[in-house]
There are 2 protein chains.
Amino acid sequence: MRTKSITIKDVAKKAGVSIATVSRYMNNPSSVKGKNRVKLEQIVKDLNYKPLLYARRLAGGKMNTYGLIIPGYEDIFYSFYALETIRGVAAALNKRGVDLHLHIAGSKDSYNSSLVEGIIFADVIENMEQLRRLARENVPIVVINKKIEDIDVSYVAIDNFKGGYDATEFLIQHGHRDIVHLAGDLRVQCAMERLEGYKAALAKAGLPYKEELVKIINFSDRETRIALEEMFELRKFPSSIFCCSDKVAREVLIFAEEKGIKIPDDLSIIGFDDNQLMSYGHYMLTTVRQPLIEMAEEGVKMLMEIVNGKMKKKCGVMLKPEVIVRDTVSFYKKS
Amino acid sequence: MRTKSITIKDVAKKAGVSIATVSRYMNNPSSVKGKNRVKLEQIVKDLNYKPLLYARRLAGGKMNTYGLIIPGYEDIFYSFYALETIRGVAAALNKRGVDLHLHIAGSKDSYNSSLVEGIIFADVIENMEQLRRLARENVPIVVINKKIEDIDVSYVAIDNFKGGYDATEFLIQHGHRDIVHLAGDLRVQCAMERLEGYKAALAKAGLPYKEELVKIINFSDRETRIALEEMFELRKFPSSIFCCSDKVAREVLIFAEEKGIKIPDDLSIIGFDDNQLMSYGHYMLTTVRQPLIEMAEEGVKMLMEIVNGKMKKKCGVMLKPEVIVRDTVSFYKKS
DNA sequence: CTGAAAGCGCTAACAC
DNA sequence: GTGTTAGCGCTTTCAG
């Protein structure tokens with residue numbers, strides 16, 4: 001059984017002062033004077049007294065904990081994006097001495113916000129209603145990795161449209177006209193925006209948009225392979241592929257190796273993420289880097305300002321992705 | 001300003017019952033009968049009433065949150081081990097509908113356990129005193145990745161001695177007699193045990209232990225490189241290397257590539273971790289897999305039993321690592 | 001500067 | 001089965 005922890009009363013009794021004085025001392029030592037302070041200093045250390053945060057909170061104090069809510073899609077703990085986000089947020093909070101309360105959103109919106117002072121929403125997919133509810137409850141909130149238009153909530157997102165645009169344009173500049181896009185789940189904002197960027201870059205270059213060149217593979221290795229097999233069987237392999245993630249690009253590389261397709265001579269590939277998983281291998285993958293860590297840092301910074309009342313109105317920040325040129329894209333050669 | 005949230009009183013008033021009835025309903029709906037229950041069902045949903053967890057806790061209830069404490073060494077968020085642990089614990093808790101309170105231990109033991117019902121300590125390095133303190137406070141605790149002898153606390157660890165032994169023995173079985181060990185920080189239990197396993201395997205095979213073959217490189221790429229350069233300059237390169245982590249092995253592979261050392265013909269390498277970072281590349285790394293995810297799962301399971309009072313006495317579980325045979329170890333060839 | 005006292009929202013006896 | 005009530009440990013007026 002958990003021993004009764006020492007309380008403010010114990011400290012007060014031992015010091016011969018009232019609990020109010022102890023409370024004041026804990027929250028602002030310099031408000032207690034003379035030998036009372038000296039005594040309290042000593043006793044608090046001796047007893048290793050730590051106020052119960054929930055009691056303090058009930059009486060109106062702080063908990064020093066922020067929440068991070070991530071949508072609970074399948075294999076989330078194997079997703080580069082999710083892990084990188086957790087890492088980024090944890091690091092940003094850690095730097096500020098704040099603890100992290102992690103919640104994976106499920107189907108039933110059970111989240112109880114009473115344990116945190118503010119919440120970072122990492123992406124919002126099926127849990128939009130949850131976001132609405134929490135926003136209604138006036139919990140300080142910052143959404144990261146998604147632009148929020150219709151709710152009065154601050155966000156910091158990445159310009160995925162530009163990412164898709166730049167990746168596609170990069171291929172076009174290398175002479176490719178035959179560009180397949182392996183796209184993610186289009187219900188996910190970033191996947192949709194990357195696709196839009198792809199379309200826009202084609203249009204800009206005066207290239208026709210062909211629906212059959214876009215394969216929705218939902219970020220999945222298995223579906224990627226199916227799509228590749230199909231194109232291969234039908235002898236409809238393109239000269240270049242823009243992949244919605246590096247993990248997908250990896251699957252393409254593996255497939256190419258199996259089939260004896262030369263990279264980048266026979267096929268150019270550009271990924272998305274700059275996942276370190278791909279930074280060492282047969283090929284150095286050309287890709288688009290998203291500043292996920294910076295996004296988390298920025299989000300935490302904003303949230304802290306909101307919690308501390310230093311930011312009153314909604315604010316939206318857009319971060320730019322960047323093409324990382326490595327070895328898997330070459331100039332188009334007519335074969 | 002955060003709107004006052006709706007409380008048990010609001011619900012009670014609206015339903016025309018006492019707050020005690022509401023409380024009972026929230027904790028055990030079937031204890032409230034007839035139309036009171038029907039009314040409460042409706043009203044709780046309408047108002048979206050959620051009890052404040054800290055108030056509930058203060059009155060003796062549950063928070064449904066477990067803590068995870070990780071020592072705050074440098075670059076922790078880039079460590080395979082730490083990330084894998086966070087992932088494993090988060091997944092195990094998530095499966096059980098419990099939230100995670102993550103704390104990175106700093107130099108000053110500021111952790112306030114009042115927000116959690118139990119704690120997973122992932123490893124214990126410089127925060128041993130913190131563990132002692134929390135154990136003294138009788139918070140339910142399970143330590144993972146470290147054997148705890150002197151405190152009355154349950155643990156689940158990995159048999160790193162066996163891991164080091166098996167890795168070394170594997171090299172010996174392939175005819176190597178000249179085996180360098182790149183060791184981690186020896187203050188970390190797992191690093192020390194792997195080294196002991198290395199020594200034991202040598203002894204078992206009747207090979208002499210030579211101190212100059214062990215390089216303490218502290219899991220660091222930079223120090224690994226320094227050690228390699230030195231061996232290379234002095235023309236003291238061995239026929240095989242046992243690395244304390246896959247990341248270190250990766251650095252060795254990169255170095256070998258630069259110097260034109262053929263893997264595995266000129267040099268055999270075995271790593272430790274089975275880090276997916278290494279599962280795709282020029283070489284398929286032979287390594288020792290640690291069951292980190294299983295360890296986290298087991299730890300959470302044990303903790304939950306302790307919290308629920310189903311386990312009263314200390315218990316220790318050892319998990320076995322396993323050699324994963326791939327392509328970077330070959331039979332020794334006299335050159 | 002310090003103490004007394006009134007809650008914060010909830011649970012858990014204890015009555016009825 | 002349901003209501004009444006006494007706290008849980010802390011902060012915060014309000015006096016002194």
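Here the structure is a predicted model, which means the values were calculated and not measured. Just so it is clear, the values below take in all heavy atoms, side chains as well, and ignore hydrogens, waters and symmetry mates. Below, chain A is the first sequence line, B the second, and so on; all start at residue 1.
Where B/Val32 and B/Leu58 meet DNA chain D, the nucleotide closest to each residue was compared, and B/Val32 sits on the side nearer the 5' end.
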Take B/Leu100 and B/Thr65 through the side chain to side chain contact (heavy atoms under 4.5 Å, CB included) test and state the conclusion after the steps. CA-CA 6 Å; B/Leu100 170 61; B/Thr65 301; over 6 Å; no
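The side chain of B/Lys33 sits closest to D/dG1 out of D/dT4, D/dC8, D/dG1. Closest to the side chain of A/Thr21, out of D/dT2, C/dG3, C/dG9, is C/dG3.
Rounding to whole angstrom units, CG of residue B/Asp10 and C1' of C/dC8 are separated by 13 Å. Spacing between atom CG of A/Asn28 and atom C1' of D/dT12 amounts to 14 Å, rounded to whole angstrom units. Atoms NZ (B/Lys39) and P (D/dG1) sit 17 Å apart, rounded to a whole Å. Rounded to an integer number of Å, the gap from OH of A/Tyr54 to P of D/dT11 is 13 Å. The nearest whole Å value for the distance from the NZ atom in A/Lys13 to the P atom in D/dC10 is 14 Å. Rounded to whole Å, the distance from OH on A/Tyr25 to P on D/dT11 is 14 Å.
Using a 4.0 Å cut-off, some side-chain N or O of A/Asn36 falls inside it from OP1 or OP2 of C/dT2.
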Between side-chain atoms of residues 142-150 of chain A and protein atoms elsewhere (two or more places apart, or another chain), which donor-acceptor pairs fall under 3.5 Å?
| residue | atom | partner | partner atom | Å |
| --- | --- | --- | --- | --- |
| A/Asn145 | ND2 | A/Tyr81 | OH | 3.1 |
| A/Asn145 | ND2 | A/Asp123 | OD2 | 3.3 |
| A/Asp150 | OD2 | A/Arg132 | NH2 | 2.8 |

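No side-chain heavy atom of A/Ile119 sits under 4.5 Å from any side-chain heavy atom of A/Pro140. The shortest distance between side-chain heavy atoms of B/Phe121 and B/Leu68 does not fall below 4.5 Å.
Under the ring pair (Phe, Tyr, Trp, His ring centres under 6.0 Å) criterion, A/Tyr25 pairs with no residue at all, not counting sequence neighbours.
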The contact string for nucleotides 10-16 of chain C, one letter per nucleotide 5' to 3', using protein heavy atoms under 4.0 Å with B, S and - for base, sugar-phosphate only and none, comes out as BBBB---
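In this structure, B/Arg96 pairs ionically with B/Glu297, as a charged nitrogen and a carboxylate oxygen lie closer than 4.0 Å.
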